[in-house]
Structure formats: structure tokens, C-alpha cells
Amino acid sequence: MQPQLLVGWALAVAAIAIGWVQWGWPGVVLAITVIAFWLLLQFSRALRVLRTAGQAPVGHVASAAMLNAKLHKGMRLPQILALTKSLGQKIADDPETFEWTDPGGDRVRLELRQARLALWTYLRRYPTDA
């Protein structure tokens, strides 16, 4: 199990336990209500990111250079989608590889391992002299 998941469950159990110790059953109900509200907020945030990404052209981003500057190792796909505001063009399955292109032709290619950003490459398009 992932450490963040364990921390989340531990906090939920602690909230319920504190609610019970402080106020009995009304405290437990309050703790469960707060936990449910938090989960609904997270779900709403995820849906908003997906709705925004689904309305944009696949694999396009306003600026590949800006995207490259904002990326860091360990980011999750929802965080990346919030930055790009579009779904990436899938390049490969193993490892999961996605690519975004800006209007100038520059690209950013991302590799996800275990649902987290492991490696990204900024591919610059150099214009040819005519």
C-alpha cells in the first residue's frame, strides 16, 4: 500500500476516534460527514480537470517550453492534465508515454511509471533555412 494512502486512512480513523472520545455518536457522525465532504471535493476537482482536458484538442498545449518548466518528477496524471488543460497523445504503452505539441511544433514527451511522472523530454523543432 502507498504511504499517502496509509496516511489518509490513518487520518480518517483518527478523526472518527477523536469524534467518539469527545462527543460520542454525534462526533462519529460529524467525522464521517467531514470525510465524505472531503472526498466529494476531491472528486469534483478531478471531474473539473477531466472536463477541461476533454474539451481541448488531444495532444496540444499552449507552450511546450512552459510545460517543460513546470514539470517535476513524481507528478500524477491529474496534476499534469491540470497544467496542460488537454489530454496527451499516447505514444507507447510500456512505459506509458504521452506527448503534447505546441503551435510552433515544439513537443514535450512524458513517461509515466507506476502512475507517476518518471521522465520527460523537451523536443524542440528547429526551423529549416530556406
Side-chain angles (χ1 to χ4, degrees):
M1 211 180 250
Q2 297 177 356
Q4 291 176 338
L5 190 59
L6 288 174
V7 169
W9 279 107
L11 287 173
V13 169
I16 292 170
I18 290 171
W20 172 257
V21 169
Q22 293 292 323
W23 299 291
W25 284 112
V28 170
V29 171
L30 176 65
I32 291 173
T33 302
V34 169
I35 293 166
F37 181 69
W38 177 256
L39 291 173
L40 284 172
L41 283 174
Q42 296 304 311
F43 183 70
S44 174
R45 180 179 174 199
L47 284 181
R48 189 174 348 111
V49 167
L50 289 175
R51 186 181 319 118
T52 302
Q55 292 173 348
V58 173
H60 291 280
V61 68
S63 172
M66 289 303 294
L67 174 60
N68 180 53
K70 292 179 180 180
L71 294 173
H72 61 274
K73 190 173 181 176
M75 289 180 80
R76 293 176 292 134
L77 188 57
Q79 294 172 309
I80 296 167
L81 292 179
L83 284 177
T84 62
K85 295 182 177 45
S86 74
L87 300 171
Q89 181 73 39
K90 192 162 192 173
I91 304 299
D93 285 328
D94 191 27
E96 273 191 304
T97 307
F98 297 93
E99 187 174 88
W100 282 267
T101 306
D102 70 6
D106 295 348
R107 298 174 292 158
V108 177
R109 185 172 291 171
L110 283 68
E111 288 184 16
L112 300 173
R113 293 199 176 104
Q114 296 178 353
R116 297 209 178 255
L117 180 60
L119 177 70
W120 68 96
T121 308
Y122 177 57
L123 304 165
R124 189 159 171 94
R125 180 185 161 272
Y126 292 102
T128 58
D129 294 329

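In this text, all values refer to a predicted model and were calculated from it rather than measured experimentally. Because only heavy atoms are used, hydrogens play no part in the values below, and waters and symmetry mates are left out as well, while side chains stay in. Residues take their numbers from the sequence shown, with the count starting at 1.
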Validation row: Leu71, Leu83 side chains within 4.5 angstrom (heavy atoms): yes
query: Are Phe98 and Leu50 joined in one hydrophobic group, where the rule is that I, L, V, M, F, W and Y side chains link up if heavy atoms are under 4.5 Å apart?
result: yes
query: Quick one: are Leu47 and Phe43 in side-chain contact, heavy atoms under 4.5 Å?
result: yes
query: Can you check whether Val29's main-chain N or O pairs, donor with acceptor, with Thr33's side chain at less than 3.5 Å?
result: yes
- request: Using atom types as modelled and distance alone, determine if a side-chain donor or acceptor of Asp102 lies under 3.5 Å from a backbone N or O of Ala62.
  value: no
- line: Across all chains, not counting sequence neighbours, the ring pair (Phe, Tyr, Trp, His ring centres under 6.0 Å) partners of Trp23 are none
Side-chain heavy-atom pair Leu123, Glu99 within 4.5 angstrom cut-off: yes
message: To the nearest 0.5 Å, what is the distance between CG on Leu112 and CD on Glu96?
response: 5.5 Å
statement: Between the CG atom in Leu11 and the CG atom in Leu6, the distance rounded to the nearest 0.5 Å is 11.0 Å
Single-linkage hydrophobic cluster, 4.5 Å side-chain cutoff, Ile91 and Tyr122 together: no
field: For Val108 against Ala64, the heavy-atom pair lying closest together
entry: CG2-O, 3.3 Å
message: Which heavy atom of Arg125 sits nearest to which heavy atom of Asp106, and what is that distance?
response: N-OD1, 2.9 Å
field: For the student: nearest non-hydrogen atoms of Val58 and Gly88, plus distance
entry: CG1-O, 3.8 Å
- request: Measure the spacing between CG of Leu67 and CG of Leu110 and express it to the nearest 0.5 Å.
  value: 6.5 Å
- request: Output every pair passing side-chain hydrogen bond (donor to acceptor under 3.5 Å, both in side chains) with a member in residues 49-74, not counting sequence neighbours, ordered by first then second residue.
  value: Asn68-Trp120
- request: Indicate, with yes or no, if Ile16 and Trp20 share a hydrophobic cluster defined by side-chain heavy-atom contacts under 4.5 Å among Ile, Leu, Val, Met, Phe, Trp and Tyr.
  value: yes
Distance, nearest 0.5 Å, that separates CD of Gln4 from CZ of Arg76: 6.5 Å
message: Is it the case that atom CZ in Arg45 sees more than 12 heavy atoms from other parts of the structure closer than 6.0 Å?
response: no
- prompt: Going hydrophobic residue to hydrophobic residue with side-chain gaps under 4.5 angstrom, can you get from Val28 over to Leu30?
  reply: no
Closest heavy-atom pair and its distance - Val49, Pro78: CG1-O, 3.8 Å
task: Please check if the side chain of Trp100 supplies one atom and the backbone of Ser86 the other of a donor-acceptor pair under 3.5 Å.
output: yes
- prompt: Taking all atoms of both residues into account, what is the closest heavy-atom pair of Ala56 and Lys85, and its distance?
  reply: CB-O, 3.2 Å
